[in-house]
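Worksheet: one structure, shown below.
Throughout, protein chains are lettered first and strands after them, A, B, ... in sequence-line order, and every chain is numbered starting at 1.
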There are 2 protein chains.
Amino acid sequence: MALRHAVLAALLDEELSGYQLAKAFDLGVANFWHALPQQLYTELTRLEKEGLVAGREVVQDARPNKRLFRVTADGLAALERFAAESAKPSFIRDDLLVKIQAADHLDADVLIARLAERERFAEAKIELFGGLLRQMRGDRDEAEFLRHGERIGPYLTCLRGLAFERENRDWCRRSAEILHARRHTSRDAAPDTTSPSSSSPARSRP
Amino acid sequence: MALRHAVLAALLDEELSGYQLAKAFDLGVANFWHALPQQLYTELTRLEKEGLVAGREVVQDARPNKRLFRVTADGLAALERFAAESAKPSFIRDDLLVKIQAADHLDADVLIARLAERERFAEAKIELFGGLLRQMRGDRDEAEFLRHGERIGPYLTCLRGLAFERENRDWCRRSAEILHARRHTSRDAAPDTTSPSSSSPARSRP
DNA sequence: TCTGACTACTCACTTTCTTGAGTATCATGC
DNA sequence: GCATGATACTCAAGAAAGTGAGTAGTCAGA
């Protein structure tokens, strides 16, 4: 039971439907919590049953009706209790890192391709977060906004996400370069007049 | 089924027992994959049944016997197939970020305490990773090691972990400072001569 | 000699997550 | 006029992950 707190936190500043919440989890919230739409609907139902959020039906004619949820006083109290507990270390699972861990036993080209994919992804995230941050702080400069702005929680978490993706991008780039350089390592000293095929340390398997 | 690949990757360079593997998952591997001992034992059993790892009994007299596992050719092939798939975006879940997301609605002192805890934790990790990296590269300097060292996979993932924890530490420090500064915001400086008690942005609740 | 910590695992149970499919309406473009 | 994609959800089944308790011997220190 931890998704629930992420949902409560995401719902604090605006009333959202399950669908909108799912969108939010695809954008900003995804930096520190990942969940599929189905989980969110399930969790919202549970939270409503326990009185931590309250939903209200909104009838629409151009689209299907929806239910908007807001956090109740009990919900806020639950978040407060949660904040008082000392936080668990952040929980990461990364396929890509698993692959790179095995780098010495796998084909370098394949890994370089994976690193390039991730680098592009990180770049897109960086753009996205940059935009979100600009939007949140409006015309103020960052220091001023952080000193006197009204809603800095989402801004701070977004800053963390941005830093994370920047590190990601840089690490991907650097790692790919290293793997690339090692493929040509057997022949020369000054970098690379590219070799034809075999006999490299990071082998391309038979 | 994803833990299995993390296990295979961790087992590539050395033969380990379930117990030792659990230790490894508490140190380096924990950066990109987290798992409890029970899960590892379960996974090892499954992997052995499928022939992706091979175990052998080692009789000890001073301690309980143990089973050491190594990756088989099939296991390596499975890893290769895994590496060929494009990696999912990294999966993060962080309690602390959830709490900070809700910062505008929670007690600032509580959050500052959480940030301080995490900062200390990150600091410890930084030390740990620094040590692991030194150990892996021995007396070589980093660039040289990355160019010609034999086992750079674990080194690269450890570098990622180090960068992550550094960012973590810096972000915690900065965020705590910001939250701290805002508590005193009603009194001083250029903008804002506002009110005495109520209506401060980061309120300490009743 | 008793306590607690370390090595080395196992079993059973529950919760959570993921996958896949399905429903229904409206707007847009080709 | 038909496919598509967006809005807005629901349900069911299965895989994966997490929790709690238990076993059993060794060693070091109080």
Using a strict cut-off of less than 4.0 Å between a Lys/Arg side-chain nitrogen and an Asp/Glu carboxylate oxygen, indicate whether [X] and [Y] qualify as a salt bridge.
X: B:Glu117; Y: B:Arg114; result: yes
X: A:Arg169; Y: A:Glu119; result: no
X: B:Arg166; Y: A:Glu167; result: no
X: B:Arg174; Y: B:Glu177; result: no
X: A:Glu123; Y: A:Arg173; result: yes
X: A:Glu150; Y: A:Arg140; result: yes

Which whole-number value in Å describes the distance from [X] [atom1] to [N] [atom2]?
X: A:Asn65; N: D:dT7; atom1: CG; atom2: C1'; value: 11 Å
X: B:Lys66; N: D:dT23; atom1: NZ; atom2: P; value: 25 Å
X: B:Phe25; N: C:dA8; atom1: CZ; atom2: P; value: 18 Å
X: A:Arg67; N: D:dT10; atom1: CZ; atom2: P; value: 8 Å
X: A:Leu40; N: D:dT10; atom1: CG; atom2: P; value: 12 Å
X: A:Leu36; N: C:dT19; atom1: CG; atom2: P; value: 7 Å
X: A:Glu43; N: D:dC9; atom1: CD; atom2: P; value: 16 Å
X: B:Gln39; N: C:dA12; atom1: CD; atom2: P; value: 18 Å

Give a yes/no on whether any side-chain N or O of [X] is located under 4.0 angstrom from OP1 or OP2 of [N].
X: A:His34; N: C:dT18; value: yes
X: B:Lys23; N: C:dC6; value: no
X: A:Ser17; N: D:dC9; value: yes

**Prompt:** Considering all heavy atoms of both residues, which atom of B:His105 and which atom of A:Asp13 are nearest to each other, and what is their separation?
**Reply:** NE2-OD1, 2.8 Å

Out of [options], whichever nucleotide has its closest atom nearest the side chain of [X]:
X: A:Leu3; options: D:dT7, C:dT18, C:dC17; answer: C:dC17
X: A:Arg63; options: D:dT7, D:dC9, C:dA8; answer: D:dT7
X: A:Tyr19; options: C:dA8, D:dA6, C:dT16; answer: D:dA6

**Request:** With A:Arg160 as the cation and B:Phe164 as the aromatic partner, state whether NZ or CZ is under 6.0 Å from the six-membered ring centre and within 45° of the axis.
**Result:** yes

Which protein N or O atoms sit under 3.5 Å from an N or O of nucleotides 11-13 of chain D?
none

**Message:** Angle between the two end axes of the helix from C:dT1-D:dA30 to C:dC30-D:dG1, five base pairs per end, rounded to 10 degrees?
**Reply:** 30°

**Request:** Taking ring pair (Phe, Tyr, Trp, His ring centres under 6.0 Å) as the test, write out the residues that go with B:Phe121, two or more places apart.
**Result:**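 With neighbours one apart ignored, the set is empty.
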
**Asked** ring-ring contact (aromatic ring centres under 6.0 Å, His included) with B:His5: which of B:Trp33, B:Phe82, B:Phe32?
**Response**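 Exactly one option meets the ring-ring contact (aromatic ring centres under 6.0 Å, His included) with B:His5, and it is B:Phe82.
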
**Request:** Nearest-nucleotide wise, let me know which of B:Phe91 and B:Pro64 is further upstream toward the 5' end of DNA chain C.
**Result:** B:Pro64

**Request:** Let me know, please, whether B:Tyr41 or A:Trp33 comes out on the 5' side of the other along DNA chain C by nearest nucleotide.
**Result:** B:Tyr41

**Message:** Go nucleotide by nucleotide along DNA chain D from the 5' end; which of A:Arg93 and A:Leu68 gets its closest nucleotide reached first?
**Reply:**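 It is A:Leu68 whose nearest nucleotide is closer to the 5' end.
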
